[in-house]
Each structure stands twice: as structure tokens, then as C-alpha cells.
Amino acid sequence: MLLSRKQAKANTGEHPPLYASMYGAPDSQPQINPEVQQWFSAVDRDGSGRITAVELKSALANGQGGTFSDTACKLMIGMFDKEKNGTIDVYEFQALYNYINAWLGVFRGFDHDNSGSIQENELNAALTQMGYRLSPEFISFLIKKSDLGNHSSITVDQFIVLCVQIQRFTDAFRARDTDMTGTITIGFEDFLGVALNCSV
């Protein structure tokens, strides 16, 4: 994760969470990493003990002289916001921090020229490494959906947005795939609820 306040360390020595283990943060509250606590305190400008998407955006940089989009920050907060009030506490933030660094480690592994973007075949390899087996046609669709201007590559912040969205859809799918068959039957309103909750 590229930070404007303090450079975070990517988990380059470990494999990122795979499909089976990326279904969500554990319920137990782990001990807070001192580095995470320090960064959380710097981001939590009002001292409320919780951070918003706006506060998160102020501390994130995309490595290309810009910041993460509002959508990216809202999605990242929403992924771990158990209370559904638009904020996360330090425990939820640590889970988010770990996920982003794992995703960033995958991204960097395929961004061989350090350009801040990866190509379609590299995105396919990255998602495969994370445990997702997707068709080339679907990978192409993901690229086009993520990068409306280029259609051939995806930046680090677009990649993380994509990972958050895939993770949230995965959580929703797994909750309904009680028999672990890889197939679900879903009602129309349930489908709309999933789509709206996972995309915003």
C-alpha cells in the first residue's frame, strides 16, 4: 500500500490469501501491529477511534502522483465496516491493511517494469495466483470495466478496487453456496441486493 504519510511494507515474503481464505476477516480481534496503530492514529484526524473513507483517502497515494478514487476508498471501508456506518475501527483497519498489502504484493510481482500498471495477461496471472480461475473473455471485460480510457492495462488502485469488488461478491456467493458446489440459485431481489451492496 502506498502511503503519503508513511511507507507501509508489503508482505513480499508470503503468498497472498488464496480464494479459500479470502472470504473475510476473522471474528477474533488480533493484537494490533504498532506500525498499524501509528498509521491509524495519524489518519484518525478527529480522534474518534474510527476512520472514514475521506480520512483514508487523505493517507493513500496511488504511486503515480495521485490519490485513490472516492469509490476505491468507500469500497475498502465498506469491506470491513461490520457496523455498516461508513467507518472502521483499528481492528477492522488492520484487516484492511493486511489485505491491501497482500494484493499490492501480488500486483508488484507482475508489474515487472514498475510502471504502476499491469497488462491483461498479467492480471489473469495475478488473479490465478489469488485462486480465481476466470476466462480470458472475462479478464478482458474486467480490464475494460476498470480502465475506461486505456482498455489494455490496469493501475494499482484500479487493481485494488477490482480485488475488493471480487472479494465482496465472493463473500456473498459463498454465503449462498452452502453445499460448496460452485453454483447457486438466487432470487431477483436478492440478486439486486448483492449487486448494490458489492458495487458501492
Side-chain angles (χ1 to χ4, degrees), residues 1-2 10-12 14-24 53 57 60-80 96 98-177 180-188 190-200:
M1 178 161 49
L2 301 173
N11 297 330
T12 55
E14 300 177 359
H15 292 293
L18 296 178
Y19 179 83
S21 61
M22 288 185 70
Y23 286 133
K57 181 177 180 177
L60 290 176
N62 66 10
Q64 296 177 317
T67 58
F68 276 40
S69 67
D70 292 338
T71 299
C73 294
K74 287 177 182 176
L75 282 170
M76 287 188 283
I77 291 288
M79 182 175 172
F80 291 95
L96 170 61
N98 291 337
Y99 267 65
I100 292 177
N101 276 306
W103 289 326
L104 184 56
V106 172
F107 185 92
R108 285 178 171 166
F110 291 95
D111 181 18
H112 302 298
D113 60 358
N114 294 318
S115 65
S117 64
I118 57 175
Q119 306 300 312
E120 189 171 316
N121 63 326
E122 295 167 328
L123 175 61
N124 188 21
L127 291 174
T128 299
Q129 181 176 321
M130 292 166 63
Y132 294 97
R133 293 188 299 273
L134 304 171
S135 69
E137 293 78 15
F138 193 75
I139 294 294
S140 179
F141 165 76
L142 292 177
I143 289 278
K144 290 175 182 177
K145 183 179 183 298
S146 298
D147 188 356
L148 299 177
N150 193 337
H151 294 334
S152 62
S153 64
I154 187 170
T155 63
V156 62
D157 46 330
Q158 291 167 341
F159 176 76
I160 290 178
V161 167
L162 186 60
C163 287
V164 172
Q165 290 176 321
I166 290 175
Q167 175 65 46
R168 293 177 74 177
F169 275 108
T170 298
D171 291 343
F173 186 94
R174 183 173 183 255
R176 291 158 178 79
D177 185 18
M180 300 295 288
T181 62
T183 303
I184 62 171
T185 300
I186 187 168
F188 182 62
D190 191 17
F191 167 76
L192 287 178
V194 169
L196 293 172
N197 285 328
C198 292
S199 300
V200 180

Is the shortest heavy-atom distance from the side chain of [X] to the side chain of [Y] under 4.5 Å?
X: Arg108; Y: Val156; answer: no
X: Arg168; Y: Leu75; answer: yes
X: Phe110; Y: Gln129; answer: yes
X: Gln119; Y: Leu123; answer: no
X: Met130; Y: Leu127; answer: yes

Looking only at non-hydrogen atoms, find the nearest pair between [X] and [Y] and report the distance.
X: Val194; Y: Ala172; result: CG1-CB, 3.7 Å
X: Val161; Y: Ala72; result: CG2-CB, 3.1 Å
X: Pro136; Y: Glu120; result: O-OE2, 4.0 Å
X: Phe173; Y: Gly182; result: CZ-O, 3.4 Å
X: Leu96; Y: Phe80; result: CA-CE1, 3.6 Å

At what distance, to the nearest 0.5 angstrom, does [atom1] of [X] lie from [atom2] of [Y]?
X: Phe191; Y: Thr185; atom1: CZ; atom2: OG1; value: 14.0 Å
X: Arg176; Y: Ile186; atom1: CZ; atom2: CD1; value: 5.0 Å
X: Met76; Y: Tyr99; atom1: CE; atom2: OH; value: 15.0 Å
X: Asp113; Y: Ile118; atom1: CG; atom2: CD1; value: 11.0 Å
X: Leu142; Y: Glu137; atom1: CG; atom2: CD; value: 11.5 Å
X: Ile139; Y: Leu134; atom1: CD1; atom2: CG; value: 4.5 Å

Assign the ring pair Phe138 / Phe141 to parallel, tilted or perpendicular, where the plane angle (0 to 90°) is split at 30° and 60°. tilted

For the pair Phe159 and Phe107, name the ring-plane relationship: parallel under 30°, tilted 30 to 60°, perpendicular over 60°. tilted

Would you say the side chains of Thr183 and Thr181 form a donor-acceptor pair under 3.5 Å? no

Does the side chain of Gln158 pick up a donor-acceptor pair with the side chain of Thr155 at under 3.5 Å? yes

Is the side chain of Thr128 donor-acceptor paired with the backbone N or O of Asn124 at a distance under 3.5 Å, no angle test? yes

Any donor-acceptor pair under 3.5 Å from Asp111 side chain to Gly116 backbone: yes

Could you give me the CA-CA distance, side-chain angles and deciding distance for Val164 and Ile100, then say whether side chain to side chain contact (heavy atoms under 4.5 Å, CB included) is met? CA-CA 9 Å; Val164 172; Ile100 292 177; over 6 Å; no

Qualifying residues under salt bridge (charged side-chain N to carboxylate O under 4.0 Å, His left out), relative to Asp177, sequence neighbours excluded: none

Test log, rule side chain to side chain contact (heavy atoms under 4.5 Å, CB included), inputs Gln165 and Lys145: CA-CA 12 Å; Gln165 290 176 321; Lys145 183 179 183 298; 4.1 Å; yes

